[in-house]
Amino acid sequence: MTATTPLPGTDASYWMASTPDTDYPGPPDEASADVAVIGGGMAGLCTAWELVRRGRSVVVLEAGRVAAGVTGHTTAKVSALHTLRYASLRDTQGRRAAAQYATSQQEAVRGIERLAVELGVDCQWERTDAYTYATDPGRVGTLRAEARAAADAGLDATFVTETDLPFPVAGAVRVGGQAQFHPRRFLLALAEGIVARGGRVYERSRVTGLHEGSPCRVTTEDGAVVRARHVVVATHYPVFDRALMFARLEPTRELVLAATLPAEQAPRGTYITPDDGTRSVRTAPWPDGRRLLIVTGEKFTPGTGDGNAGSGDGEDGTGAASERYRRLADWLRQHFPAAEITHRWAAQDNASTDGLPYIGPFHPGTRNVYVATGFGGWGMSSGALAGTLLADLICGERPEHAGLYDPRRLHPLREAGPLLSQQATVARHFVGDRLRLASADDVAAVAPGTGALVRVGAGRCAVYRAQDGTVHAVSARCTHLGCLVRFNDAEHTWECPCHGSRFAVDGSVLQGPAVRPLEPRQVPGAPDADASEADGDAEGSGGGAAGAGGDDEAEESGRF
C-alpha cells in the first residue's frame, strides 16, 4: 500500500455514527449546585448519576457534546483484566492492593450492567471472556505469572493456550465474567436519567477557571459562573495544573479500525496483546446479522506520529499517523481476510506513573475538589468505579479501596523512573524541538491537504493548506505549557507532544489539557497576509506557563 493510497473506511467513530447528536443547552450566566462535574464522559456522567441518586443537586459542564470525546472513541471493553496488571501490582504493592483492584474493577463491571437494566437501555451489553494473549513463546512465563496473580486477587482467571482467534497464540490469560457494550447508547440514556432526576447537563461549556473556596466557583469561557460546594474534574486530562498532575500522566493515542465480518467468523471474547505495538480485538452486533470487528493498535504519543520530524517519521521511527493506519489495516486483513473495513478513528488515554488511576481529592490542600484520570486505556470500568468512589467521598464515606486510587499518593521508588522519563521527554520537546524540528521555508511549500511548521522570522507558525488552497495559520505554541505542536496527517489536527493537547486546523481546542485555542496568525504568502504581523510573533507569548491549563484563578484559589 503506497503513501498515496486513501486511508481505509469512513473517518468517524462507529459509536458516534450510529447514535443521534445531543443538544443540551449552555449554562445560564449564574447557577449553583451541591456538586459541579466538569466533563460529560464515562467518569463524569457516572459520578453525576451516583450523586443525583443520593439526593445531591448536580450540574454537568461539558466542553463539547456529552459522550462525544474520549468515551465516544473508546473500544468499549468492560473488563477487570487490564493487559498485564496484577503480577506487577502484587509485586510492588502487595496482595491486598491487587485484591482491592480486582474487587473494585469487577464490581464496576457488574455496576454498569445493573445500571443498564435500571435505565432500560439497549446498549448491546454482552457478557464475554477477556483475554490477554501473546504469540511470542518468550512471553508465556509472564502470562502464567499474570494468570496466577489475577486468580490470587479474586478474578476467574486461568492460563490457556487455545482461543477463538483465527491464528495460533503461544498462551493467554483468560478471565471470565467480563463484557462489551455500545458506550454511547449507554451514556446518552444515563444523561437523560440524570436530567430526569433533577440534574442539569450543559453542553458547549468549556471550563477555564476554578476558584476553590466555600463555595467553589467554576467559570466557563463564555463567562458563565457555577457555584458549588464540591467540584469534580473529570475531563480525561485535568484542565487545571495546580496539582501538577501533568508531570505524572503520559498521554497515548491509539488507532482504531472497524470492519464488518460474517458472524460465524467473528471471534468470541475480547482480546489484547502487548506485542506488535499493541493489538486489541473485539466485535459488536451489526444491523444485518453480521458482526462488527473492532481492532486497535499502533500506539504513539500525540505529536510524535507526524510528518514534521524531518524524515517523515515520528520520533519512535515508526512513521506518520497515516502509515500507522495502513499497518493496522494490513494486520486486520491478514488475520481476517473476509472483513470489510467501514470506519476508522483514534482513541486517546493517559497512564499514571504507577499504572493506577487517580480517583479522589485533586491535591493535598483541597477540601472540596476531586479528580478522575489516568485510566491507562481502561476507562469503562475505571470510569464507572470513579463515579461510585467519588460519590462516596463527597457524601462522607471512605471505601476500603479509596487509598489505592488516591491521587495524593506518591511512591518515590516506584514512580521516580517513569516520572523522570516523562519530564525528560517534555523538556526535550520544549527545548529541542525549537532547535531541530524541521519546518517549511514558506507557505508555498505546504501542499494541499497537509500541514507544516513554517519559519516566520525567528519563530514558526503552524500552517495547514486545505484541498481548495485555503490556508489556516495559527500559533505553533501549545496554549497549555508552550511546547510546539506537530501535524497529524491522518486526522488533520495539530497535536502537542508534551501533554497531548489537540487542536483543529483553525486552532480550536479538540482535547485538553489546553483550554485556549491556538491564536490565529498571518504569514507571508498566505491570502491577506501581513508579514509585519507575523515576524517575531510566530511563537507568541499567549499561552505559556503563566496561563497553563486555564488555571487563571490559581492565585486566589489557595492551591496548596
Side-chain angles (χ1 to χ4, degrees), residues 74-93 95 97-99 101-106 108-109 126-181 252 254-256 266-283 293-299 328 331-332 335-336 347 349 351-352 354-357 374-382 385:
T74 178
T75 53
K77 295 177 179 178
V78 187
S79 176
L81 178 64
H82 296 169
T83 315
L84 299 172
R85 177 62 49 83
Y86 290 96
S88 173
L89 184 56
R90 179 200 59 197
D91 293 344
T92 57
Q93 298 196 40
R95 294 177 182 274
Y101 189 86
T103 300
S104 58
Q105 294 286 341
Q106 189 62 47
V109 174
E126 296 177 324
R127 279 284 188 173
T128 189
D129 294 342
Y131 296 83
T132 297
Y133 75 92
T135 56
D136 178 4
R139 289 254 193 191
V140 168
T142 299
L143 293 173
R144 288 187 181 277
E146 181 68 11
R148 288 193 297 269
D152 188 49
L155 296 180
D156 175 19
T158 56
F159 174 81
V160 299
T161 56
E162 298 290 333
T163 72
D164 206 37
L165 291 170
F167 53 86
V169 301
V173 181
R174 184 201 66 83
V175 172
Q178 307 311 296
Q180 55 191 11
F181 73 150
T252 300
E254 190 168 11
L255 306 184
V256 186
R268 293 166 294 180
T270 65
Y271 299 85
I272 190 168
T273 178
D275 298 341
D276 302 319
T278 305
R279 292 291 185 265
S280 171
V281 176
R282 64 155 288 193
T283 66
L293 176 72
I294 300 171
V295 174
T296 71
E298 295 297 322
K299 285 186 175 182
L328 191 62
W331 187 93
L332 186 155
H335 295 294
F336 300 92
D349 217 319
S352 68
D354 67 358
L356 299 179
F375 298 150
W378 300 100
M380 297 298 96
S381 61
S382 294
L385 185 159

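Excluded from the calculations below are hydrogen atoms, water molecules and symmetry mates; all remaining heavy atoms, backbone and side chain alike, are included.
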>> For a 4.5 angstrom cut-off between non-hydrogen side-chain atoms, does Gln93 reach Asp354?
In response: yes
>> Within the structure provided, determine whether Leu143 and Leu84 are in side-chain contact (heavy-atom separation under 4.5 Å).
In response: yes
>> With side chain to side chain contact (heavy atoms under 4.5 Å, CB included) as the criterion, how do Arg279 and Leu332 come out once you've worked through the C-alpha distance, each side chain's angles and the decisive distance to 0.1 Å?
In response: CA-CA 10 Å; Arg279 292 291 185 265; Leu332 186 155; over 6 Å; no
>> Between Glu146 and Ala87 (side chain of the first, backbone of the second, donor and acceptor by atom type, cut-off under 3.5 Å), is there such a pair?
In response: yes
> Is there a donor-acceptor pair closer than 3.5 Å between any side-chain N or O of Thr278 and the backbone N or O of Gly297?
Replying inline: no
Once rounded to the nearest 0.5 Å, what's the spacing between atom [atom1] of [X] and atom [atom2] of [Y]?
| X | Y | atom1 | atom2 | result |
| --- | --- | --- | --- | --- |
| Phe375 | Leu385 | CZ | CG | 8.5 Å |
| Thr132 | Leu81 | OG1 | CG | 3.5 Å |
| Arg90 | Arg95 | CZ | CZ | 6.0 Å |
| Tyr101 | Leu89 | OH | CG | 8.0 Å |

Show the atom names and distances, to 0.1 Å, of all donor-acceptor pairs under 3.5 Å that link a side chain in residues 170-179 to residues at least two apart or in another chain.
{"residue": "Arg174", "atom": "NE", "partner": "Thr158", "partner atom": "OG1", "Å": "3.4"}
{"residue": "Gln178", "atom": "OE1", "partner": "Ala80", "partner atom": "N", "Å": "2.7"}
{"residue": "Gln178", "atom": "NE2", "partner": "Gln106", "partner atom": "OE1", "Å": "2.8"}
{"residue": "Gln178", "atom": "NE2", "partner": "Gly176", "partner atom": "O", "Å": "2.8"}

> When you look at Arg148 and Phe159, which way does the side chain to side chain contact (heavy atoms under 4.5 Å, CB included) test go after all the steps?
Replying inline: CA-CA 8 Å; Arg148 288 193 297 269; Phe159 174 81; over 6 Å; no
> Can a donor-acceptor pair be found between the side chains of Ser382 and His82 at a distance below 3.5 Å?
Replying inline: no
List for me each residue that meets side-chain contact (heavy atoms from CB on, under 4.5 Å) alongside [X], sequence neighbours excluded, and say none if there are none.
| X | value |
| --- | --- |
| Ala76 | Trp15, Thr74, Phe181, Pro183, Arg282 |
| Arg268 | Asp164 |
| Ala266 | Leu261, Thr283, Arg291 |

> Quick one: which of Val169, Thr273, Val160 gives a side chain to side chain contact (heavy atoms under 4.5 Å, CB included) with Tyr131?
Replying inline: Val160
Which atom pair, heavy atoms only, marks the closest approach of [X] to [Y]?
| X | Y | value |
| --- | --- | --- |
| Phe336 | Pro267 | CE2-CD, 3.9 Å |
| Leu255 | Leu328 | O-CD2, 3.7 Å |
| Ser381 | Val109 | CB-CG2, 4.5 Å |
| Ala98 | Ala153 | O-CB, 3.5 Å |
| Asp349 | Gly376 | OD1-N, 3.6 Å |

> Who are the side chain to side chain donor-acceptor pair (under 3.5 Å) partners of Arg144, not counting sequence neighbours?
Replying inline: none
Less than 3.5 Å apart, which donor and acceptor atoms pair up between the side chains of residues 133-141 and the rest of the protein, not counting sequence neighbours?
{"residue": "Asp136", "atom": "OD1", "partner": "Gly138", "partner atom": "N", "Å": "2.9"}
{"residue": "Arg139", "atom": "NE", "partner": "Asp275", "partner atom": "OD1", "Å": "3.0"}
{"residue": "Arg139", "atom": "NH2", "partner": "Asp275", "partner atom": "OD1", "Å": "3.4"}

> After noting the C-alpha distance and the side-chain angles of Ile272 and Lys77, does the key distance pass the side chain to side chain contact (heavy atoms under 4.5 Å, CB included) rule?
Replying inline: CA-CA 10 Å; Ile272 190 168; Lys77 295 177 179 178; 3.8 Å; yes
